[in-house]
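Take a look at the structure below.
In what follows, every chain begins at residue 1, and chains take the letters A, B, ... in the order their sequences are listed. Just so it is clear, the values below take in all heavy atoms, side chains as well, and ignore hydrogens, waters and symmetry mates.
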2 protein chains.
Amino acid sequence: MDKIQFLSRLPLFRGLPDEELRTLAEIAGVKTYRRGETIFLDGGEGHGFYVVFTGKVKIYKLSPEGRELVLHIMGPEDSFAEVPVFEGRHYPANAEAVEDTRVLFFPREALLQTIRRDPSLAMNMLAALSARLREFAQRMEDLSLKDVPSRLSAYFLHLSEQEQGSDELDLDIKKGLLASLIGAKQESLSRILAKMSERRIIEVKGKKIRILDRQKLKKIAAGDRTLFN
Amino acid sequence: MDKIQFLSRLPLFRGLPDEELRTLAEIAGVKTYRRGETIFLDGGEGHGFYVVFTGKVKIYKLSPEGRELVLHIMGPEDSFAEVPVFEGRHYPANAEAVEDTRVLFFPREALLQTIRRDPSLAMNMLAALSARLREFAQRMEDLSLKDVPSRLSAYFLHLSEQEQGSDELDLDIKKGLLASLIGAKQESLSRILAKMSERRIIEVKGKKIRILDRQKLKKIAAGDRTLFN
DNA sequence: TTGCTTTTTTGATCTGGGTCAAAGATTTTA
DNA sequence: TAAAATCTTTGACCCAGATCAAAAAAGCAA
């Protein structure tokens, strides 16, 4: 397994001298989790951070009554649980493998030492956290100011962008998980998908979505509700 | 005005050598804004970050239709707009003075250079961004999984903690702003305050709140709705 | 294949909190 | 101090989306 090569591709480690990279690669442990397994729990003590190697991890919050909000779905090359490395020492959310997953684990101290030695890692990390803050601010806005169809449409457009503007989207996750990711209930999502299909805005085949009318999708994302009345 | 002394008290600059601190103090510009004045707009180009000296600044998002979500109310010693320094170069939200306000402004380049020279500033900054991420994750959970009375109660308990557990709270901001901070409409907030007063959970006198029944407040914060039925 | 589990859809109903409108209170300004 | 502007409360009504229940579809194991 070529850990070093993998690490060198990560934006987080860009610009790091090979030697530092080698040290990090040595220190990083591989952990494997099966589908459904918990990686850590909200409030648990965090001793380092993770990078997904293969598989998929959901980062989520649970309310006392057991309702769930998914903050992120992390895939290969994504890192998570940086926060407790730098502040507070306990995890700010739960993490669970939604597929069989392998992750790299970097112990806090190793990372902190590298950061102290090499400002470029600090800068990369600051950029990464900043990007996430930006994303959260947007998510919060969406959650409190936009309705569910709008959030769903925005999500589709986002997926499409990630696939170079393709009209063929692969959700790649269960619908229930998608619902929780956009802050809705499974039943609501199902109804909205049905309505959007009926209106020929999208076509749904299992986990495959085809965008039929990008203009209308954009309108809905921007808050237009006329299509639903 | 003793900029250096002020700066040396900030958690962000803790551990910085006096010389670096002096350099930063020299570079930092003071800007003043009147109540209601815009400091920057979402999407505008960001050339540095700010620390509140006196006054109060609201950081907020606006939906296309003009609905507002307040992300933060920043007071003296709080810093804001770090994100565009490290990533993306444009502001992720709007900022407006809600009182007559003086802020210190640190140009991006000065900050980046100090960070490159001194890892302790990088570490402080990473800790600050991490703390904010943690806060955002909590806010997102509250926004999507909790109801308005619960968010309001949590806010009161939070204020109380900041005042060493006192039962006498000073909102210090307009009710409309508070509403927008907890993701509600002014009218809803008003009704909930009325109901909580009627139930003798709190007492409201203008911007002063007195907690009468902390137990019930905690119950509501935890999601209990029996008090409202 | 068959049966069992999990996921998704559909139907019926309920409700928290938003909207619109107007009155009342407080603050600001002249 | 008056009057103008802004902020807050209250009332009537409405609706997006949650909940509860059950059927249908899709995955999966034996």
Side-chain angles (χ1 to χ4, degrees), chain A residues 34-36 58 63 65-69 98-100 142-153 171-198 202-209 220 223-229, chain B residues 34-36 58 63 65-70 96 98-100 142-153 171-198 202-209 220 223-229:
Chain A
R34 269 199 309 215
R35 188 163 94 79
K58 85 172 168 193
S63 75
E65 308 85 66
R67 308 200 350 82
E68 171 184 295
L69 173 73
V98 291
E99 302 175 355
D100 292 354
D142 292 351
L143 233 32
S144 88
L145 304 180
K146 294 184 181 167
D147 58 21
V148 177
S150 167
R151 298 202 290 268
L152 179 62
S153 301
L171 290 185
D172 216 42
I173 53 173
K174 298 199 177 104
K175 300 234 172 102
L177 191 51
L178 171 56
S180 169
L181 191 57
I182 61 171
K185 296 271 104 164
Q186 165 130 245
E187 298 94 314
S188 301
L189 172 62
S190 185
R191 281 179 239 275
I192 291 164
L193 285 175
K195 197 149 232 170
M196 287 172 89
S197 299
E198 178 189 301
I202 57 171
E203 202 169 72
V204 183
K205 261 191 241 141
K207 288 189 174 48
K208 308 278 185 195
I209 306 283
I220 298 172
D224 188 335
R225 278 199 69 87
T226 57
L227 292 157
F228 285 86
N229 299 327
Chain B
R34 269 200 309 215
R35 189 162 94 79
K58 84 172 168 193
S63 75
E65 307 87 66
R67 303 193 6 74
E68 169 185 295
L69 174 73
V70 174
E96 179 188 311
V98 291
E99 302 174 356
D100 292 354
D142 292 350
L143 233 31
S144 90
L145 304 179
K146 294 184 180 166
D147 58 21
V148 178
S150 166
R151 298 201 291 270
L152 179 63
S153 301
L171 290 185
D172 216 41
I173 52 173
K174 297 198 178 108
K175 302 236 171 100
L177 191 50
L178 170 57
S180 169
L181 191 57
I182 62 170
K185 295 272 103 166
Q186 164 134 240
E187 297 94 316
S188 301
L189 172 62
S190 186
R191 282 180 238 274
I192 292 164
L193 285 176
K195 196 151 230 167
M196 286 171 87
S197 300
E198 178 190 300
I202 57 171
E203 201 169 73
V204 183
K205 261 191 241 142
K207 290 188 172 50
K208 309 277 186 197
I209 307 283
I220 298 172
D224 188 335
R225 278 199 69 88
T226 56
L227 292 159
F228 286 88
N229 299 327

| query | With A:K208, which residues qualify under side chain to side chain donor-acceptor pair (under 3.5 Å), at least two apart? | reply |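 Partners of A:K208 by the side chain to side chain donor-acceptor pair (under 3.5 Å) criterion, ordered by chain and then number, come out as A:D170.
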Exercise for review: Please name all residues satisfying side chain to side chain donor-acceptor pair (under 3.5 Å) with A:R225, sequence neighbours left out, ordered by chain then number.
Suggested key: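 Only A:D147 meet the side chain to side chain donor-acceptor pair (under 3.5 Å) criterion with A:R225.
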What is the minimum heavy-atom distance between [X] and [Y], and which atoms define it?
X      : Y      : result
A:L143 : A:R151 : O-NH1, 3.6 Å
B:G223 : B:S150 : N-OG, 4.3 Å
B:S153 : B:I220 : OG-CG2, 3.3 Å

Notebook entry, point to check: Using the C1' atoms of five pairs at each end, what's the angle between the two axes of the helix from C:dT1-D:dA30 to C:dA30-D:dT1, to 10 degrees?
Noted result: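 It works out to 50° between the end axes.
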Please report, rounded to the nearest Å, how far the [atom2] atom of [N] is from the [atom1] atom of [X].
X      : N      : atom1 : atom2 : result
A:I192 : C:dT10 : CD1   : P     : 13 Å
A:K208 : D:dA26 : NZ    : P     : 15 Å
B:L178 : D:dT8  : CG    : P     : 10 Å
B:D147 : C:dC14 : CG    : P     : 20 Å
A:L145 : C:dG18 : CG    : P     : 11 Å
A:K205 : D:dA26 : NZ    : P     : 13 Å
B:L143 : C:dG18 : CG    : P     : 11 Å
A:E198 : C:dT10 : CD    : C1'   : 13 Å

Scan for side chain to side chain donor-acceptor pair (under 3.5 Å) pairs involving residues 178-194 of chain B, sequence neighbours excluded, and state none if there are none.
->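 Side chain to side chain donor-acceptor pair (under 3.5 Å) check on residues 178-194 of chain B returns B:E68-B:S180.
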Would you tabulate the pairs of protein nitrogen or oxygen atoms and nucleotide nitrogen or oxygen atoms of nucleotides 18-21 of chain D closer than 3.5 angstrom?
residue: D:dA18; atom: OP2; partner: A:K185; partner atom: N; Å: 3.3
residue: D:dA18; atom: OP2; partner: A:S188; partner atom: OG; Å: 2.5
residue: D:dT19; atom: O4; partner: A:R191; partner atom: NH2; Å: 3.1
residue: D:dC20; atom: N4; partner: A:E187; partner atom: OE2; Å: 3.4

For residues 171-179 of chain B, tabulate all N or O donor-acceptor pairs below 3.5 Å that involve a side-chain atom, not counting sequence neighbours.
residue: B:D172; atom: OD2; partner: B:K56; partner atom: NZ; Å: 2.6
residue: B:K175; atom: NZ; partner: B:G206; partner atom: O; Å: 3.2

* Asked: How would you list, by chain and number, every residue that makes a salt bridge (charged side-chain N to carboxylate O under 4.0 Å, His left out) with A:D100, sequence neighbours excluded?
  ->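 Here no residue qualifies.
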Residues forming a salt bridge (charged side-chain N to carboxylate O under 4.0 Å, His left out) with A:R35, sequence neighbours excluded: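 By the salt bridge (charged side-chain N to carboxylate O under 4.0 Å, His left out) rule, A:R35 matches no residue at all.
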Q. Is there side-chain contact between A:S144 and B:R67, with heavy atoms separated by less than 4.5 Å?
A.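 In short, these two side chains do not touch, never coming nearer than 4.5 Å.
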Residues in side chain to side chain contact (heavy atoms under 4.5 Å, CB included) contact with A:S197, at least two apart in sequence or another chain: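 Result, side chain to side chain contact (heavy atoms under 4.5 Å, CB included) vs A:S197: A:I202, A:V204.
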Nucleotides 4-8 of chain C: which of its N/O atoms have a protein N/O under 3.5 Å away?
residue: C:dT7; atom: OP1; partner: A:K174; partner atom: NZ; Å: 3.1
residue: C:dT8; atom: OP1; partner: A:K175; partner atom: N; Å: 3.1
residue: C:dT8; atom: OP2; partner: A:K175; partner atom: N; Å: 3.3
residue: C:dT8; atom: OP2; partner: A:G176; partner atom: N; Å: 3.3
residue: C:dT8; atom: OP2; partner: A:Q186; partner atom: OE1; Å: 3.3

